[in-house]
Chemist: 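Got a structure for you, questions after.
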Protein chains: 2
Amino acid sequence: MPKTKTVKMSLFLSSYENRLDTKGRISVPSSFRASVSSERFAGVVLYRSFTNKCIEGLSMSRMEQLAAATDKMGVFDSELDDLSAMLFADARPLAFDVTGRIVIPEDLLKHAGITDKAVFVGRGNSFQIWNPEEFKKAQEKSLNNLRSARPNLIIG
Amino acid sequence: MPKTKTVKMSLFLSSYENRLDTKGRISVPSSFRASVSSERFAGVVLYRSFTNKCIEGLSMSRMEQLAAATDKMGVFDSELDDLSAMLFADARPLAFDVTGRIVIPEDLLKHAGITDKAVFVGRGNSFQIWNPEEFKKAQEKSLNNLRSARPNLIIG
DNA sequence: TATAAAACCATAAAATACCATAAAAGTATT
DNA sequence: AATACTTTTATGGTATTTTATGGTTTTATA
């Protein structure tokens with residue numbers, strides 16, 4: 001068995017709204033930076049969400065996990081293979097600058113409808129980047145979904 | 001079988017009323033701190049309760065369990081996915097300071113109607129934080145519910 | 001050389017560490 | 001059982017650091 005160094009990766013939690021400057025730079029929330037601080041690559045990997053009007057974000061090690069999983073499954077599941085192919089083709093590794101900022105590529109911003117502000121949203125082992133308004137809308141929608149699915153579970 | 005490191009987590013028990021200072025700091029009851037003292041993350045994770053006017057609290061390891069479960073199940077259960085998404089987005093990891101205090105974020109305090117005092121309520125593997133008055137009201141209400149549901153079970 | 005990208009510098013506000021103390025709880029001693 | 005002593009806990013205030021954000025300069029590159 002290949003020796004796999006399993007880096008215990010801390011979770012991406014909570015949500016943070018930050019602002020893009022004139023050059024497109026935006027601070028990655030410090031707690032998100034901390035989540036990947038023990039990794040080789042000091043940065044994150046972004047790609048356009050397949051399902052939502054937002055950007056998906058991962059640590060590089062998670063990307064590698066995904067690659068490994070695809071290697072195993074690929075032969076048996078051509079759909080998964082296609083999906084991961086798209087993902088890898090679309091994925092952008094973005095290194096933090098000294099102050100913890102990244103420059104999100106144009107096409108990703110466009111896909112998410114982001115201009116001057118963005119919310120980093122924790123999703124456990126991954127995160128998302130949204131236009132603040134779009135995010136609020138999406139949140140309300142999934143809250144309504146849950147309400148109708150499990151009326152007794154939710155009040156807020 | 002993958003080697004799963006099981007962190008021994010002791011239970012959150014009993015209730016403690018503490019006071020918030022001007023900066024929003026509040027001491028986490030020492031017995032609650034002891035419950036997570038063997039964990040990597042010296043702190044707790046808080047989020048707005050979906051069902052009550054209170055704050056929910058968990059250990060980080062519990063949060064990680066959830067993330068692992070969501071990773072496995074998410075694909076098959078979109079409801080679970082929605083729920084955990086909301087949870088991760090709302091969850092605040094809060095580290096203890098040297099004296100065992102945390103700063104509860106504004107929006108959580110608001111959700112629970114907490115201003116200057118709060119009760120930490122043990123719930124076994126989790127806990128809640130309430131405005132003292134609200135908690136008393138909620139207690140009486142659920143006691144009445146029990147009374148009407150099982151009149152013979154309750155003496156108090 | 002023009003242009004984009006990276007490195008560098010600066011700062012207000014927010015978050016965290018640090019220091020101090022009184023009250024409470026626990027221990028030991030008579 | 002009452003007392004003196006020790007330790008822990010909760011709480012308050014102050015100092016220091018970090019973070020997010022803006023701008024400028026230098027370096028690559030097309």
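A quick note: this is a predicted structure, and the numbers were derived from the prediction, not measured. No hydrogens, no waters, no symmetry mates; every other heavy atom, side chains included, goes into these values. So you know, we letter chains A, B, ... as the sequences are listed, proteins then strands, and number each from 1.
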Chemist: In whole angstroms, how far is the P atom of D:dA20 from the CZ atom of A:R19?
Modeler: 14 Å
Chemist: May I ask you to verify whether the side chain of B:K23 and the base of D:dT11 hold a donor-acceptor pair under 3.5 Å?
Modeler: no
Chemist: Tell me whether A:K136 is salt-bridged to A:E133, with the criterion being a basic N under 4.0 Å from an acidic carboxylate O.
Modeler: no
Chemist: Please check if the distance between the ring centroids of B:F120 and B:Y16 is under 6.0 Å.
Modeler: no
Chemist: B:R92 has an atom CZ; how far is it from atom P of C:dA15, in whole Å?
Modeler: 11 Å
Chemist: Separation of A:R101 atom CZ from C:dT11 atom C1', in whole Å?
Modeler: 12 Å
Chemist: Within this structure, what is the CD-to-C1' distance between A:E17 and D:dT19, rounded to whole angstrom?
Modeler: 16 Å
Chemist: Please give, in whole Å, the distance from D:dT19 P to A:D97 CG?
Modeler: 13 Å
Chemist: For A:S27, report the nucleic acid contact type (base, sugar-phosphate, nothing); a contact means any heavy atom under 4.0 Å.
Modeler: base
Chemist: To the nearest angstrom, how far is B:E106 atom CD from C:dA14 atom P?
Modeler: 12 Å
Chemist: What nucleotide among C:dA10, D:dT9, C:dC19 has an atom nearest to a side-chain atom of B:R33?
Modeler: D:dT9
Chemist: For B:Y16 and D:dT11, what is the distance between atoms OH and P respectively, to the nearest whole Å?
Modeler: 13 Å
Chemist: Does A:R25 contact D:dG23 through a side-chain donor or acceptor facing the base, at a distance under 3.5 Å?
Modeler: yes
Chemist: Quick one: which of D:dG12, C:dC8, D:dA10 gets closest to the side chain of B:D21?
Modeler: D:dG12
Chemist: Check for a donor-acceptor pair, side chain of B:E39 on one end and backbone N or O of B:S61 on the other, with a separation under 3.5 Å.
Modeler: yes
Chemist: Specify the separation, in whole Å, of atom CD1 of A:I26 and atom P of D:dG23.
Modeler: 16 Å
Chemist: Angle class for the A:F135/A:W130 ring planes (parallel below 30°, perpendicular above 60°, tilted otherwise)?
Modeler: tilted
